[in-house]
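We're numbering straight along the sequence, starting at 1. Worth knowing before you read on, the calculation uses all heavy atoms, side chains too, and leaves out hydrogens, waters and symmetry mates. This one's a predicted model, so the numbers in the text were calculated from it and none came from an experiment.
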Amino acid sequence: MEYTIIDAHSHLWLRQDTEVDGLPIRTLSGGKSLFMGEVRQMLPPFMTDGRNTAEVFLSNMDYAQVSSAVVTQEYIDGIQNDYLMDVQARYPNRFLVCGLCEFRKPGFLVQANELIGKGFKAIKVPANRLVLSTGRIPLNGDEMMAMFHLMEGHRIILSIDMLEGDTQVEELRDVITECPDLKIAIGHFGMVTFPGWMEQIKLARYPNVFIESGGITWLFNDEFYPFKGAVRAIREAAGLVGMEKLMWGSDYPRTITAITYRMSYDFVVKSNELSDEEKSLFLGGNAKTFYGFGALPVLPYIKNMSE
């Protein structure tokens with residue numbers, strides 16, 4: 001069976017040059033980056049210039065037959081709003097991009113309003129990065145709530161990665177209650193390999209809350225391909241909220257330092273634990289509806305030279 005495939009969690013950047021928690025993150029050579037005190041393989045080693053561009057990603061998407069992708073953001077990559085808006089303009093049928101504000105300082109409500117004015121259809125909140133030396137920034141604080149009401153009124157999607165466990169669950173529940181029409185995509189499959197992950201998944205029992213699996217192969221990296229534990233987690237989450245609330249995401253390009261881009265979803269395709277209908281919903285059907293993608297390109301399978 002052929003599936004329409006949409007990646008609900010990916011990243012793009014031209015260069016990493018930022019700080020998180022006072023520690024530097026800098027692009028080096030050969031796909032490596034200085035990452036908060038150590039050198040890490042941030043990209044596959046053949047991406048020698050450190051540029052994680054839309055064109056390279058599109059080549060991977062075409063090869064893996066991924067029709068479209070949601071490009072989210074994270075502070076470890078630096079704020080990429082200008083580049084992502086350019087990507088959206090050049091490839092409108094392939095990418096939906098998320099804007100990012102500086103939520104670690106007051107004044108982000110103004111930034112969010114500016115992003116909406118520029119045409120962003122989604123805003124990312126890296127809530128897992130909102131633990132500062134001065135304390136944790138709550139999701140249900142006054143300025144956050146004002147921003148969520150603004151997003152709800154403009155039909156802007158919230159993409160959010162949360163701290164592991166249930167630390168922020170009640171705060172996000174307050175947001176959901178206050179803004180019932182705000183569409184929310186919770187990332188990293190609720191930080192599935194940590195205790196309390198199911199509390200994040202259960203939030204998808206609310207009508208406009210969905211879960212995406214960006215980074216699930218990273219979280220199950222110790223068991224590696226074919227990630228049977230990840231498949232069992234998908235099955236378990238579906239039992240809690242229904243398969244119609246779950247979406248596939250890759251966390252490209254971080255995960256393809258260990259596996260290929262196609263491998264980041266074909267462990268689902270090849271699993272015997274999910275039906276064809278469930279795979280179809282998870283791999284693209286749910287994301288197409290949730291994000292409002294229109295006509296999608298049909299990508300033929302291209303045989304490898306080794307076949």
- Item | Verdict with reasoning, Asp161 to Lys124, per salt bridge (charged side-chain N to carboxylate O under 4.0 Å, His left out) | CA-CA 8 Å; Asp161 296 338; Lys124 172 64 177 287; 2.8 Å; yes
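- Judged by distance alone, the side chain of Asn113 and the main-chain N or O of Leu109 form no donor-acceptor pair under 3.5 Å.
- The local environment of CD in Glu38 is crowded, with over 12 non-hydrogen atoms from other residues, nucleotides or ligands closer than 6.0 Å.
- Using a 4.0 Å cut-off between charged nitrogen and carboxylate oxygen, Glu55 and Arg90 count as a salt-bridge pair.
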- Message: Set out, in order, the CA-CA distance, both residues' side-chain angles and the distance that settles side-chain contact (heavy atoms from CB on, under 4.5 Å) for Tyr252 and Val66, then state yes or no.
- Response: CA-CA 12 Å; Tyr252 175 98; Val66 175; over 6 Å; no
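- Here NE2 of His9 is found 5.0 Å from OG1 of Thr72. Values are rounded to the nearest 0.5 Å.
- Asn304 CG: more than 12 foreign heavy atoms inside a 6.0 Å radius.
- For the pair Phe210/Leu246, no side-chain contact is recorded, criterion being any heavy-atom separation below 4.5 Å from C-beta on.
- At a threshold of 4.0 Å, the pair Arg254-Glu74 does not count as salt-bridged, since none of the basic side-chain nitrogens sits closer than that to a carboxylate oxygen.
- Residue-environment remark: CG (Asp82) stays at or below the threshold of 12 foreign heavy atoms within 6.0 Å.
- Using a 4.5 Å heavy-atom cutoff, the side chains of Met42 and Thr27 are not in contact.
- Here the closest non-hydrogen pair linking Met191 and Leu219 is CE-CD2, 4.0 Å.
- Taken to the nearest 0.5 Å, the OG atom of Ser68 stands 9.0 Å off from the CG atom of Leu96.
- Note on Tyr3: it does not cluster hydrophobically with Ile302, by side-chain heavy-atom contacts below 4.5 Å among ILVMFWY residues.
- When all heavy atoms of Val209 and Leu203 are compared, the pair lying nearest together is CB-O, 3.4 Å.
- If you chain together hydrophobic residues whose side chains sit under 4.5 Å apart, Leu283 and Phe293 never meet in one group.
- Rounded to the nearest 0.5 Å, atoms CG (Asn221) and OG1 (Thr193) are 10.5 Å apart.
- The closest side-chain heavy-atom distance from Asp174 to Glu178 is not below 4.5 Å.
- Arg104 is listed as a side-chain neighbour of Leu130, based on a closest heavy-atom distance under 4.5 Å.
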- Message: Determine whether Leu14 and Thr53 satisfy the following criterion, side-chain contact (heavy atoms from CB on, under 4.5 Å), listing intermediate values before the conclusion.
- Response: CA-CA 6 Å; Leu14 292 179; Thr53 64; 4.2 Å; yes
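- Using modelled atom types, no side-chain atom of Lys228 and backbone atom of Glu223 make a donor-acceptor pair closer than 3.5 Å.
- The two atoms that bring Val241 and Glu244 nearest to each other are O-OE2, 3.9 Å, heavy atoms only.
- Nearest heavy atom pair, residue Phe290 against residue Asn208, reads CE1-O, 3.9 Å.
- The main-chain N or O of Thr18 is found under 3.5 Å from a side-chain atom of Arg26 such that the two form a donor-acceptor pair.
- Checked by atom type and distance alone, the side chain of Lys270 never pairs as donor or acceptor with a backbone atom of Phe267 at under 3.5 Å.
- Evaluated for a side-chain hydrogen bond (donor to acceptor under 3.5 Å, both in side chains) with Asn81, the options Gln73, Gln111, Lys118 yield exactly one hit, Gln73.
- Residues Met247 and Trp197 do not share a hydrophobic cluster, defined by chaining ILVMFWY side chains whose heavy atoms lie under 4.5 Å apart.
- Not one N or O on the side chain of Thr257 forms a donor-acceptor pair closer than 3.5 Å with the backbone of Pro44.
- For the pair Leu84 and Cys98, the minimum side-chain heavy-atom distance is 4.5 Å or more.
- The distance between the ring centers of Tyr261 and Tyr63 does not fall below 6.0 angstrom.
- Here the closest heavy-atom approach between residue Val20 and residue Met36 is recorded as O-CE, 3.7 Å.
- Atom CD of residue Glu278 and atom CG of residue Asn286 lie 11.0 Å apart, to the nearest 0.5 angstrom.
- With Arg94 contributing its side chain and Val87 its backbone, the two residues share no donor-acceptor pair below 3.5 Å.
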- Task: For Gln80 and His11, run side-chain contact (heavy atoms from CB on, under 4.5 Å): C-alpha distance rounded to whole Å, both residues' side-chain angles, the deciding distance at 0.1 Å, then the answer.
- Result: CA-CA 10 Å; Gln80 301 288 329; His11 298 273; over 6 Å; no
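- At least one side-chain heavy atom of Asp251 sits less than 4.5 Å from a side-chain heavy atom of His188.
- Closest non-hydrogen pair, Leu43 versus Pro253, comes out as CD2-CG, 3.3 Å.
- Salt-bridge formation is not detected for the pair Asp166/Lys202: no Lys NZ or Arg NE/NH1/NH2 atom is positioned less than 4.0 Å from an Asp or Glu carboxylate oxygen.
- In this structure a side-chain-to-backbone donor-acceptor pair under 3.5 Å is present from Gln168 to Ala127.
- Counting only heavy atoms from C-beta outward, the side chains of Phe35 and Leu28 never approach each other to under 4.5 Å.
- The cluster map of Ile, Leu, Val, Met, Phe, Trp and Tyr, joined by side-chain heavy atoms under 4.5 Å apart, puts Ile216 and Ile211 in the same cluster.
- No donor-acceptor pair under 3.5 Å is formed between the side chain of Glu143 and the backbone N or O of Pro106.
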- Check the pair Phe148 / Leu172 against side-chain contact (heavy atoms from CB on, under 4.5 Å), numbers first and verdict last. CA-CA 11 Å; Phe148 294 139; Leu172 188 57; 5.7 Å; no
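- In this structure, Tyr265 contributes its side chain and Ala64 its backbone to a donor-acceptor pair below 3.5 Å.
- The number of heavy-atom neighbours closer than 6.0 Å to CZ of Arg205, taken from other residues, nucleotides and ligands shown, is above 12.
- Residue-environment remark: CG (Asp21) stays at or below the threshold of 12 foreign heavy atoms within 6.0 Å.
- Between Phe103 atom CZ and Met147 atom CE the span is 4.0 Å, to the nearest 0.5 Å.
- A heavy-atom distance below 4.5 Å is found between the side chains of Gln65 and Arg262.
- Under a hydrophobic-cluster definition in which Ile, Leu, Val, Met, Phe, Trp and Tyr are linked whenever side-chain heavy atoms come within less than 4.5 Å, directly or via other members, Phe108 and Leu132 are assigned to the same cluster.
- Atoms CE and NZ, on Met305 and Lys303 in that order, are 10.5 Å from each other to the nearest 0.5 Å.
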- Item | Verdict with reasoning, Asn52 to Tyr83, per side-chain hydrogen bond (donor to acceptor under 3.5 Å, both in side chains) | CA-CA 11 Å; Asn52 173 33; Tyr83 178 55; over 6 Å; no
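- Side-chain atoms of Lys245 come within 3.5 Å of backbone atoms of Tyr206 as a donor-acceptor pair (strictly under, hydrogens ignored).
- Environment of CD in Glu277: sparse, with no more than 12 heavy atoms of neighbouring residues, nucleotides or ligands closer than 6.0 Å.
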